[in-house]
Participant: 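Sharing a structure with you now.
In what follows, every heavy atom counts, from backbone to side chain, and hydrogens, waters and symmetry copies are set aside. Along the sequence shown, residues carry numbers from 1.
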Amino acid sequence: METAENTTNELIIRIEEKYPKMSKGQKRLADYVCKNYDKAVFLTAAKLGEIVGVSESTVVRFATQLGYKGYPGFQKALEELVRTKLNSIQRMEVTYGRITQSEILQTVLQSDIEKIKLTLNGIDHKAFDLAIDTILGAEKIYVIGIRSCAPLASFLSFYLNLVCENVTAVTTNSSSEIFEQLIRIGSNDVIIGISFPRYSMRTLKALEFASNRKAKVITLTDSVHSPMNLYSSCNLIARSDMASIVDSLVAPLSVINALIVALCMKKQTEVVTTLETLEKIWDEYQVYSGDELNPLNQSLSVAGDDGSREMEGNADE
């Protein structure tokens with residue numbers, strides 16, 4: 001059997017184990033899937049059978065023989081393979097090979113909607129509740145996310161800081177900096193690691209270090225098979241887009257929003273007190289006075305190089 005280089009994962013292992021006892025038609029399916037997994041992932045059972053030259057029922061039996069619950073279960077395994085094996089260029093080629101420019105807006109937004117739906121249907125509610133309790137019980141909270149996950153980590157850290165004490169957003173310019181910031185992490189602390197394909201080795205090493213120091217580890221990632229789950233005691237799974245040059249992290253952001261809201265509900269009194277204090281500080285130090293637009297105002301001040309100009313307007317117009 002011919003297989004694509006460096007594609008060893010659960011699906012490929014199953015195919016290799018079952019290959020000797022497969023029929024000729026199933027062997028053709030196995031060969032095609034292993035060589036063209038990036039294309040096969042988008043095919044229906046009927047279309048895959050048509051390309052390979054076998055019946056749809058043969059494709060379904062092939063999936064069942066591999067131990068999956070019909071063709072949908074096989075497709076999920078195939079998505080997992082594609083998600084971890086395609087590089088950015090390949091993902092772009094796959095995406096732009098499927099849609100025209102006029103379809104991009106609808107296709108991308110619809111895809112994001114589907115990712116949120118899949119996340120809602122698949123997320124472990126017990127893990128979500130455990131994450132809330134773990135964060136509330138921690139002495140210190142560390143948050144780490146690298147590359148495209150950095151904005152998610154920054155967003156989570158910003159709002160956690162309004163709800164909890166001792167929140168550290170781990171800066172990730174170098175591996176040494178990461179460990180320097182985690183040097184005092186201990187058994188009473190928690191680290192939240194955010195990573196999606198392509199997975200970050202620096203994030204994984206940070207979680208390993210925290211785990212070795214007996215800290216509690218929460219992960220936000222895309223699959224139960226993600227390497228980020230190796231050291232975690234609480235796994236939050238959110239679906240990301242596996243076939244795009246731009247990582248779709250809409251569903252992970254929704255999970256983060258839910259975490260923040262749940263924490264605020266648990267600590268309503270403290271949050272209200274914090275916000276009231278902040279409002280007083282903002283007013284006292286005029287934090288927003290020159291930076292906040294009020295659409296109901298009759299006039300709008302614009303700071304220029306030579307001073308302030310005022311534009312008159314009527315809110316009723």
Side-chain angles (χ1 to χ4, degrees), residues 1-98 111 114-115 118-119 121-124 195-201 204 219 221-230 232 235 237-245 247-248 251:
M1 180 188 66
E2 298 179 22
T3 61
E5 185 181 1
N6 295 327
T7 56
T8 303
N9 82 329
E10 181 189 359
L11 173 59
I12 298 300
I13 290 171
R14 291 191 186 192
I15 290 176
E16 289 176 345
E17 288 176 349
K18 303 285 186 180
Y19 192 82
K21 295 183 180 180
M22 288 181 182
S23 66
K24 288 184 178 179
Q26 289 176 336
K27 285 183 177 179
R28 290 205 302 274
L29 280 168
D31 291 338
Y32 180 84
V33 167
C34 290
K35 290 176 65 179
N36 303 282
Y37 54 89
D38 56 327
K39 299 180 181 67
V41 68
F42 301 111
L43 301 176
T44 62
K47 188 63 178 177
L48 178 57
E50 179 185 333
I51 291 173
V52 176
V54 298
S55 66
E56 182 178 355
S57 59
T58 299
V59 176
V60 174
R61 284 197 300 272
F62 171 72
T64 305
Q65 186 176 336
L66 291 175
Y68 298 107
K69 292 182 179 179
Y71 192 72
F74 168 75
Q75 262 195 323
K76 278 191 174 182
L78 199 53
E79 285 180 7
E80 186 65 32
L81 174 63
V82 175
R83 183 180 295 115
T84 55
K85 297 303 176 185
L86 288 185
N87 61 34
S88 297
I89 295 173
Q90 290 169 322
R91 283 190 278 169
M92 182 175 66
E93 289 173 346
V94 169
T95 300
Y96 295 143
R98 288 187 296 143
S111 176
E114 291 302 318
K115 295 299 179 295
L118 289 169
T119 299
N121 292 334
I123 198 164
D124 186 342
S195 187
F196 290 81
R198 302 159 77 179
Y199 303 113
S200 165
M201 180 59 72
L204 184 62
T219 55
T221 188
D222 70 315
S223 167
V224 293
H225 303 294
S226 167
M228 296 303 127
N229 296 334
L230 287 172
S232 65
N235 308 326
I237 306 300
R239 298 294 293 269
S240 64
D241 195 344
M242 54 82 187
S244 173
I245 185 61
D247 296 327
S248 175

Participant: If you measure from NZ on Lys76 to CG on Leu78, what distance do you get to the nearest 0.5 Å?
Facilitator: 13.5 Å
Participant: How long is the span from the CD atom in Glu16 to the CZ atom in Arg14, to the nearest 0.5 Å?
Facilitator: 13.0 Å
Participant: Which atoms form the tightest heavy-atom contact between Met22 and Ile15, and what is the distance?
Facilitator: CE-O, 4.0 Å
Participant: Check whether any side-chain heavy atom of Pro197 lies under 4.5 Å from a side-chain heavy atom of Ser240, and answer yes or no.
Facilitator: yes
Participant: How far does OG1 of Thr119 sit from CD of Glu114, to the nearest 0.5 angstrom?
Facilitator: 11.0 Å
Participant: Please name the pair of heavy atoms, one in Val33 and one in Phe74, separated by the smallest distance, quoted to 0.1 Å.
Facilitator: CG2-CZ, 3.9 Å
Participant: Taking all heavy atoms of Phe196 and all of Thr221, pick out the closest pair and write down the distance.
Facilitator: CE2-C, 3.4 Å
Participant: Show the nearest heavy-atom pair for residues Tyr71 and Ala40, with the distance to one decimal.
Facilitator: OH-O, 4.3 Å
Participant: Hey, could you give me the CG/OG distance between Asp222 and Ser248, rounded to the nearest 0.5 Å?
Facilitator: 11.5 Å
Participant: Over all heavy atoms of both residues, which pair between Ala45 and Val59 is shortest? Give the atoms and the distance, please.
Facilitator: O-CG2, 3.5 Å
Participant: Report yes or no: does Gln75 contribute a side-chain atom to a donor-acceptor pair with the main-chain N or O of Leu43 at less than 3.5 Å?
Facilitator: yes
Participant: State plainly whether the residues Lys47 and Glu50 are in salt-bridge range, i.e. N to O under 4.0 Å.
Facilitator: yes
Participant: Can you give me the closest heavy-atom contact between Lys21 and Gln65, atom names plus distance?
Facilitator: O-NE2, 4.2 Å
Participant: Rounded at 0.5 Å granularity, tell me how far CG in Asn235 sits from CD1 in Ile123.
Facilitator: 10.5 Å
Participant: Is it the case that the side chain of Thr219 and the backbone of Asn229 share a donor-acceptor pair, with hydrogens and angles ignored and the cut-off at 3.5 Å?
Facilitator: no
Participant: Let me confirm one number: the OG-CZ distance from Ser23 to Arg28, rounded to the nearest 0.5 Å.
Facilitator: 8.0 Å
